[in-house]
Amino acid sequence: DAFNARRDYVGPTLDRCDFEYHCDDNVNISGFYSVITRVDGNRIRILPYGGRLSIDVCDTCQVMTADGRIPPDVTVMAIAEDAPTTDEERRQIEKWNFTHGIGNSLRKAWLLTLDRPVDFAAGSCIISNRRQGNGFRIVNSHFGSTRARGLLIKASDGLIEKNVIEKACGSGIAISPEFSWLEGGSSRNLTIRDNVLRGNGGGIFIGGTSGAGRPLGPEAHEGIRLENNEIIRR
């Protein structure tokens with residue numbers, strides 16, 4: 001990627017930038033999911049990406065269930081480190097569609113106590129709303145030839161305005177979590193306006209896929225405003 005923002009408390013501002021000729025996405029703003037492997041009432045066992053926990057006590061968190069639902073947010077009331085990944089969990093990990101050995105990084109575990117009982121199946125995942133790069137701004141910029149997406153956004157409360165995005169092999173703008181990379185989450189309250197998308201592999205994509213390979217439901221993203229964007233095929 002040309003520009004990555006990961007696990008940020010406050011999203012970046014890109015203003016009057018020019019990115020092109022990269023091997024992957026021009027911009028990727030995201031947090032990282034932790035995989036849920038066990039649920040017992042209001043307690044869940046999780047394996048965070050890279051063994052690094054990005055959730056704090058009192059955080060509100062999004063959940064993406066194994067079958068692609070986005071239920072109401074949960075609040076974390078307590079956190080405790082737990083025993084390392086078990087053989088049974090490693091067998092589960094091998095069945096999930098992770099990219100480039102990401103499953104091998106799931107070596108540490110934590111127990112979270114939530115504000116209410118839940119019934120999430122193994123293979124669901126959880127992410128803190130504070131660690132996704134929310135509040136980002138991408139304005140007045142040019143994003144040119146790249147082998148993937150022009151902008152790949154997994155954050156909320158953002159603005160994408162007055163940009164030219166062209167010659168991306170994938171979508172000009174993609175609003176989508178990616179389970180296979182454990183990158184999330186679902187986006188809320190975005191404004192995408194006055195952009196020109198020209199000659200990309202796709203226009204503006206809003207969606208995603210769960211760990212079971214199922215498309216996310218219509219509740220996955222909220223408050224996405226599209227205003228006065230021009231999409232030109234060639």
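In what follows, residues are counted from 1 in the order of the sequence shown. Note: hydrogens, waters and symmetry copies are ignored here, and every other heavy atom, side chains too, is used.
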Among all residues two or more places apart in sequence or in another chain, which pass the side chain to side chain donor-acceptor pair (under 3.5 Å) test with Asn200?
-> none
On a heavy-atom basis, the closest approach of Thr65 and Pro71 is CG2-CD, 3.9 Å
Who pairs with Tyr33 by ring pair (Phe, Tyr, Trp, His ring centres under 6.0 Å), at least two apart in sequence or on another chain?
-> none
Where does the angle between the aromatic ring planes of Phe3 and Phe19 fall among parallel (under 30°), tilted (30 to 60°) and perpendicular (over 60°)?
-> parallel
With side chains defined as the heavy atoms from C-beta onward, is the minimum distance between Phe179 and Asn97 less than 4.5 Å?
-> no
I would like to know whether Thr37 and Glu89 meet side-chain hydrogen bond (donor to acceptor under 3.5 Å, both in side chains); could you show each step before the answer?
-> CA-CA 7 Å; Thr37 62; Glu89 286 170 331; 2.6 Å; yes
State plainly whether the residues Asp40 and Arg43 are in salt-bridge range, i.e. N to O under 4.0 Å.
-> no
Review item, side-chain donor-acceptor pairs of residues 106-114, under 3.5 Å, at least two apart:
unit_1, atom_1, unit_2, atom_2, d
Arg107, NE, Asn104, O, 2.9

What's the shortest heavy-atom distance between Ile70 and Glu219, and which atoms?
-> N-OE2, 3.0 Å
Apply the test side-chain contact (heavy atoms from CB on, under 4.5 Å) to residues Ile138 and Leu159: give CA-CA distance (whole Å), side-chain angles for both, the deciding distance (0.1 Å), then the verdict.
-> CA-CA 6 Å; Ile138 303 173; Leu159 173 65; over 6 Å; no
Between Asp1 and Asp24 the two heavy atoms that sit nearest each other are OD1-CB, 3.1 Å
Give the table of side-chain donor-acceptor pairs shorter than 3.5 Å for residues 210-217, with sequence neighbours excluded, one pair per line with atom names and distance.
unit_1, atom_1, unit_2, atom_2, d
Ser210, OG, Ala66, O, 3.1
Ser210, OG, Ala212, N, 3.2
Ser210, OG, Arg214, N, 3.3
Ser210, OG, Arg214, O, 3.4

Checking side-chain hydrogen bond (donor to acceptor under 3.5 Å, both in side chains) for the pair Arg7/Ser54: CA distance, chi angles, key distance, verdict?
-> CA-CA 7 Å; Arg7 308 180 196 256; Ser54 298; 2.5 Å; yes
Where at least one partner belongs to residues 69-78, residue pairs that pass side chain to side chain donor-acceptor pair (under 3.5 Å), sequence neighbours excluded | Asp67-Arg69, Asp73-Asn129, Asp73-Arg188
Test salt bridge (charged side-chain N to carboxylate O under 4.0 Å, His left out) applied to Asp56 - qualifying residues, sequence neighbours left out = Arg130
Roughly how far apart are Asn195 CG and Glu161 CD, rounded to 0.5 Å?
-> 7.5 Å
Nearest heavy-atom neighbours spanning Cys17 and Ser141 = N-OG, 2.9 Å
